[in-house]
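The structure appears below as structure tokens.
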Amino acid sequence: DGSPLVQEVAGTAPAPQVASAQSLRQLLEAHRHYIAEAVSALDMHTTLMSEAEVDPEPSNYIGATLALVKSETANLGKLEAKLLAFAPR
């Protein structure tokens with residue numbers, strides 16, 4: 001049986017095709033944006049940790065870190081949505 005489901009299970013399904021060169025450029029740009037945001041977040045994590053080491057009140061660190069993690073999760077979700085648009089169904 002050469003149905004798409006059988007091919008997927010057997011690992012013989014064809015690779016997903018990008019609709020156009022412009023679509024690929026948009027996908028790559030979304031990935032670049034995610035990477036830039038991730039690098040910025042890494043810097044912020046480092047700053048928050050440094051500040052927490054000298055601040056006797058952990059609630060500032062916890063609140064700021066939680067907000068940062070939520071932002072990172074949202075950015076990752078945006079990239080995931082772009083990638084899923086090209087994933088095999």
Side-chain angles (χ1 to χ4, degrees):
D1 184 3
S3 72
L5 178 58
V6 171
Q7 289 177 349
E8 183 175 339
V9 171
T12 59
Q17 297 296 313
V18 176
S20 68
Q22 181 178 354
S23 296
L24 178 58
R25 282 192 299 275
Q26 290 172 349
L27 182 59
L28 292 173
E29 184 57 35
H31 198 172
R32 284 186 192 94
H33 177 75
Y34 170 76
I35 292 169
E37 291 294 321
V39 169
S40 177
L42 176 61
D43 290 341
M44 182 58 75
H45 278 289
T46 303
T47 299
L48 290 172
M49 291 176 67
S50 295
E51 291 174 356
E53 290 175 340
V54 296
D55 186 356
E57 178 52 51
S59 64
N60 296 332
Y61 163 75
I62 293 167
T65 303
L66 184 58
L68 180 58
V69 168
K70 287 181 179 181
S71 174
E72 290 175 288
T73 301
N75 286 332
L76 184 58
K78 290 175 188 176
L79 177 59
E80 181 182 25
K82 293 274 188 183
L83 291 168
L84 287 174
F86 294 99
R89 307 221 187 277

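Under a 3.5 Å cut-off, the side chain of Ser71 and the backbone N or O of Ala67 do not form any donor-acceptor pair. Without hydrogens or angle criteria, Ser40 side chain to Ala36 main chain gives no donor-acceptor distance under 3.5 Å.
Interatomic distance, CG of Leu66 versus CG of Leu48, reported as 11.5 Å (0.5 Å rounding). Summarising the geometry, atom CZ belonging to Arg32 is positioned 10.0 Å from atom CG belonging to Leu27; distances are rounded to the nearest 0.5 Å. Interatomic distance, His33 NE2 to Leu79 CG, rounded to the nearest 0.5 Å: 10.0 Å. Remark: Lys82 NZ to Gln26 CD distance equals 6.0 Å, nearest 0.5 Å.
When only modelled atom types and interatomic distance are considered, Thr47 and Ser50 share no side-chain donor-acceptor pair under 3.5 Å.
Closest approach of Pro56 to Pro58, counting heavy atoms only: O-CD, 3.2 Å.
One hydrophobic cluster, built from ILVMFWY side chains closer than 4.5 Å, holds both Leu68 and Ile62. Residues Met49 and Met44 share a hydrophobic cluster, clusters being chains of Ile/Leu/Val/Met/Phe/Trp/Tyr side chains in contact below 4.5 Å.
With sequence neighbours excluded, the residues satisfying side-chain hydrogen bond (donor to acceptor under 3.5 Å, both in side chains) with Ser59 are Glu57. Every residue two or more places apart in sequence or in another chain that forms a side-chain hydrogen bond (donor to acceptor under 3.5 Å, both in side chains) with His45 is listed here: Glu72.
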